Amino acid sequence: MSAGLAFADSGSGAPLVLLHAFPFDRHFWNGVTPLLNENFRVIAPDLLGFGNSGATAQWSIADQGEAVSELLTSLGLQSASIVGLSMGGYVALALAANHPGQVASLILADTKAAPDAPKARAGREEAIALVLSQGVAAFADGMVGKLLGPHAHQDVHRSTRRLMNQPQHTVVTALKALRDRPDRRPDLPSVTAPCLVLGGTFDTISPPAEGREIAAALPNAQFVEIAGAGHLTNLEAPAAFAKIVTEFSRDRATTRT
Ligand code: MLT
């Protein structure tokens, strides 16, 4: 699938590509971008169908990886440091599997390599039915609390909820793509780029234990926990998130074009 992704581009230096979670868009990164673009050229795309990357066709997580690969090529970048959070991590793993040369380093935040188990697949069906019958707002109202940890401030709940505003078609397509994403665990031993796996203590969607397993399966990885945060570590702990990303990526990023 070929579609030019809309993206934000700020700062200068080695390229750092930020891949957002579901159901968000590039604005997901607004809190950390000013902290990261002091040191990097920060490129934050709207993934296919989200934000300004409108797409009516069906897409898979692999298609999203191809779209990110095409974006890098169109920008004349041979490779970049990739940061993917949750769904963005699934996309980052697809990119690393299919275009390893484009990945200078990889940060997998609050994400999984395993596919949906039968219970999770059933949950996707329920979510699709809810979105179709009651709309995206009802789905987002029910989801936001699950994304954040128990200590997240009410302001973070409100701002996160405001960001969860995507077209109905996109949310349904995404739920199908998330449900059908492949098992990336067999690919992990072949990912040779330096990796950091990052997780929030109270993430119940991608628990830290799962992050530690991913790090253990990668040949060149470390695991870092953001204490006290839930699933959306960048929104709950932006300063800690940006510090970890900066310290890891600074020495590993590349300016090759
Ligand atoms: C996300 O944060 O992107 C989603 O929780 C991913 C998922 O539902 O698998």
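Just so you know, these numbers come straight off a predicted model, no measurement behind them. Indexing begins at 1, ligand by ligand and atom by atom, following the structure's order.
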Asker: List ligand 1 atoms under 4.0 Å from A21, heavy atoms only on the residue side.
Answerer: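 Here the atoms of ligand 1 in question are 1 (C), 2 (O), 3 (O).
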Asker: Taking the six-membered ring for Trp, are F202 and H151 parallel (under 30°), tilted (30 to 60°) or perpendicular (over 60°)?
Answerer: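 Ring orientation of F202 relative to H151: perpendicular.
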Asker: Flag the pair K243 and E247 as a salt bridge only when some basic side-chain nitrogen lies within less than 4.0 angstrom of an acidic carboxylate oxygen.
Answerer: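 Looking at K243 and E247, the cut-off is met.
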Asker: Should you measure from each heavy atom of M87, which atoms of ligand 1 turn up under 4.0 Å away?
Answerer: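 Per the distance check, 1 (C), 3 (O).
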Asker: For ligand 1 and R181, I'd like to know whether there is a polar contact (N/O to N/O, distance under 3.5 Å).
Answerer: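 N/O-N/O distance under 3.5 Å: no.
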Asker: Using heavy atoms and a 4.0 Å limit, tell me yes or no: is H231 in contact with ligand 1?
Answerer: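 Within the 4.0 Å threshold, so yes.
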Asker: Only heavy atoms count here, so choose which of F28, F22, F24 is nearest to atom 3 (O) of ligand 1.
Answerer: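 It is F22 that holds the nearest heavy atom.
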Asker: Which heavy atom in A242 sits nearest to a heavy atom in L36, and how many Å separate them?
Answerer: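 Taking every non-hydrogen atom into account, O-CD2, 3.7 Å.
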Asker: Check whether any side-chain N or O of T111 sits under 3.5 Å from a backbone N or O of S86 as a donor-acceptor pair, and report yes or no.
Answerer: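 Such a contact is found between T111 side chain and S86 backbone.
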Asker: Please confirm whether the backbone N or O of A6 pairs with a side-chain atom of S53, one donor and one acceptor, at under 3.5 Å?
Answerer: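 Yes, the answer is positive, given that a donor and an acceptor are paired below the 3.5 Å cut-off.
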Asker: Between S60 and D63, is any side-chain donor less than 3.5 angstrom from a side-chain acceptor?
Answerer: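 Yes - a donor-acceptor pair under 3.5 Å links their side chains.
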Asker: With a 4.0 Å cut-off on heavy atoms, does R124 reach ligand 1?
Answerer: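 Flag set, R124 near ligand 1.
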Asker: Please report which non-hydrogen protein atom sits nearest to atom 4 (C) of ligand 1, along with the residue it belongs to and the distance in Å to one decimal place.
Answerer: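 Looking at atom 4 (C) of ligand 1, the protein heavy atom closest to it is S86 OG, 3.3 Å.
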